[in-house]
Amino acid sequence: MSAQPGIDRGHTDDLMSFLRASPSPYHAVASAAERLEKAGFRRIEETAPWDGTAGGRFVLRGGAIIAWYVPEGAEPATPYRIVGAHTDSPNLRVKPIPDTGAHGWRQIAVEVYGGVLLNTWLDRDLGLSGRITLRDGSHHLVTVDRPLLRVPQLAVHLDRSVNTEGLKLDKQRHMTPIWGLGGVEEGDLLRFVAEATGVAAEEIAGWDLMTHSVEPPAYLGRDRELVAGPRMDNLVSVHAGTAALIAAAARQELPYIPVLAAFDHEENGSQSDTGADGPLLGTVLERSVFARGGAYEDRARAFAGTVCLSSDTGHAVHPNYAERHEPGHHPRPNGGPILKVNVNQRYATDGAGRAVFAAACERAGVPWQSFVSHNSMPCGTTIGPITAARHGIATVDIGIAILSMHSARELCGAQDPRLLAKALHAFLEG
């Protein structure tokens, strides 16, 4: 098998390991935290007093992580350079009363999370992941990474119009996965989860469980120049941001304080205590200023000099639907990260932000592309405008170009994750 020339696969191989280890937002932040701890960062609790000494720190809250590195000599008013991302992806999540079924089939009741491409979850082997909370308040990750559930599609013999009139799916009636045969037994799923996790079922007081595709990420194409895998939106950015922060922290002298802010719940509006529309980022940045002996004036000065790159996936031009894209802007895989622009502020980028991003790419030796939506197509949004509006921080929206966004399995160029990480590293170093 021939290899695509010029592709350094080390970063992308590591990304695929990260994707496999991160089937839920809770796993994603645990994976990032593990990497940060190996690089010398230390976890601090929000309920504990903070100190302002130099070094790397991170805070975990649910499916969100905020990590930062304070260089030697940083002053209270030293500005931040932030890479923003999100840890969640559209999927099917377990309902509070999960055990259901009909006609001799045992099923699990699920709720659709985010803007799911429903058909991509049909006839796919699904595992179960997330977290459980015990009566003592402790959390435990749940990982059942084997074929456990399946949403079976109706046979063409029973839906003769499916190939002429299109597939029509009802979220309530048609998306309930099966996981066995027999009668419905109350508490069955929790007993299974307890056994898989090694805890007593009666100790489980709460749960946040979801499905994931168990098919691993893989190189694709004649020359393996593409990567297919789950949750690229937006774990590609979480992984790249973690790598960039660790690389920036290895430099002793930095003009800014580099930060990784990876939030949960972006796919449904970011309005939660772990979402970008919550207070988490602002609280962490302010406490860091105050821990270094600063006051409100220092906080205001630091925020005024801060820039955030909101890194999220964007749309590569689709060869079968090119008319859906803006004709003058056709991002392509392996063409480098994209600058996302929308004058109606669905993206936060402006001309000044473009200059910051272009300078980072130039320093990193990374090509970049521009993305704007077709005028007749509604434009999506990100944590970028939320971060800008909530904290008064200059924000630029970027990402990598992918196909099949919000599918259970997405597609990107094999080189783009590494190019993104290089650009983020150059940005954090200033």
Side-chain angles (χ1 to χ4, degrees), residues 25 63 83-91 112-121 171 229-238 240-241 261-272 275-278 308-333 335-350 353-354 357 368-390 395-413 416-417 420:
V83 170
H86 67 88
T87 61
D88 60 319
S89 300
N91 59 13
V112 174
Y113 176 83
V116 174
L117 273 176
L118 293 175
N119 64 296
T120 69
W121 289 84
K171 294 179 181 179
R231 301 176 297 280
M232 291 186 177
D233 178 10
N234 185 31
L235 294 189
V236 166
S237 296
V238 177
F263 301 100
D264 201 351
H265 301 131
E266 189 273 347
E267 297 294 356
N268 59 12
S270 295
Q271 292 185 323
S272 71
D277 203 21
C308 173
L309 287 191
S310 166
S311 181
D312 202 348
T313 55
H315 302 293
V317 61
H318 197 302
N320 299 338
Y321 300 90
E323 73 280 0
R324 305 291 182 96
H325 299 267
E326 205 288 317
H329 300 73
H330 280 177
R332 288 173 170 79
I338 56 175
L339 179 74
K340 300 157 76 171
V341 178
N342 180 264
V343 296
N344 295 302
Q345 291 300 292
R346 300 291 284 172
Y347 302 132
T349 306
D350 62 9
R354 174 191 172 103
F357 176 66
W368 60 279
Q369 311 174 79
S370 293
F371 172 83
V372 65
S373 289
H374 194 292
N375 277 323
S376 64
M377 303 293 292
C379 180
T381 191
T382 68
I383 66 167
I386 294 171
T387 303
R390 181 169 184 83
T395 304
V396 189
D397 272 295
I398 68 160
I400 68 167
I402 71 170
L403 290 182
S404 306
M405 186 182 294
H406 287 197
S407 169
R409 194 167 177 85
E410 297 162 324
L411 185 71
C412 76
D416 282 330
L420 174 64

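Values in this document were obtained by computation on a predicted structure and should not be read as measured data.
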Distance in Å, T349 OG1 paired with F371 CZ, rounded so as to fall on 0.5 Å steps: 11.5 Å

Student check: side-chain heavy atoms of T313 and M405 closer than 4.5 Å: yes

Check against side-chain contact (heavy atoms from CB on, under 4.5 Å), E323 and Y321: CA-CA 5 Å; E323 73 280 0; Y321 300 90; 4.2 Å; yes

Pair listing, side-chain hydrogen bond (donor to acceptor under 3.5 Å, both in side chains) test, anchored in residues 261-272, at least two apart: H86-E266, H265-S272, H265-T274, E267-H406, Q271-D277, S272-T274

From S370 atom OG to L339 atom CG, the distance as rounded to the nearest 0.5 Å: 5.5 Å

Mutual orientation of the aromatic rings belonging to W368 and F357 [parallel < 30°, tilted 30-60°, perpendicular > 60°]: perpendicular

Evaluation steps, side-chain contact (heavy atoms from CB on, under 4.5 Å), between R332 and H330: CA-CA 6 Å; R332 288 173 170 79; H330 280 177; 3.6 Å; yes

Within-4.5 Å side-chain heavy-atom neighbours: S89 and P230: no

Side-chain donor or acceptor of S311 paired with backbone N/O of A85 under 3.5 Å: no

CA sep, side-chain torsions, deciding dist, call: E410, D233, side-chain contact (heavy atoms from CB on, under 4.5 Å): CA-CA 8 Å; E410 297 162 324; D233 178 10; 3.5 Å; yes

Exam field: side chain S310 to backbone G84, donor-acceptor pair closer than 3.5 Å: no

side-chain contact (heavy atoms from CB on, under 4.5 Å) evaluation trace for V116 with W121: CA-CA 9 Å; V116 174; W121 289 84; 3.3 Å; yes

Got a list of side-chain donor-acceptor pairs under 3.5 Å for residues 381-388, not counting sequence neighbours?
| residue | atom | partner | partner atom | Å |
| --- | --- | --- | --- | --- |
| T381 | OG1 | R346 | O | 2.6 |
| T382 | OG1 | G384 | N | 2.9 |
| T382 | OG1 | D397 | OD1 | 2.5 |
| T387 | OG1 | I383 | O | 2.8 |

Main-chain N/O of F263 paired with T87 side-chain donor or acceptor, under 3.5 Å: yes

Side-chain heavy-atom pair V236, I400 within 4.5 angstrom cut-off: yes

Over 12 non-hydrogen atoms of neighbours within 6.0 angstrom of CG in N375: no

R354, CZ: over 12 other non-hydrogen atoms inside 6.0 angstrom: no

Side-chain heavy atoms of L420 within contact of I398, under 4.5 Å: yes

Atom pair NE2 (H315) and NE2 (H329), whose distance is rounded to the nearest 0.5 Å: 15.0 Å

Minimum-distance pair of heavy atoms, taken over all atoms of G353 and V396: CA-CG2, 3.4 Å

Spacing of CG belonging to N119 relative to OG belonging to S407, to within rounding of 0.5 Å: 7.5 Å

Set of side chain to side chain donor-acceptor pair (under 3.5 Å) partners for H318, sequence neighbours left out: none

Flag, side chain of K171 to backbone of L118, donor-acceptor distance under 3.5 Å: no

Validation row: Y113, D88 side chains within 4.5 angstrom (heavy atoms): yes

Value rounded to 0.5 Å, distance of SG in C379 from CD in E326: 12.0 Å

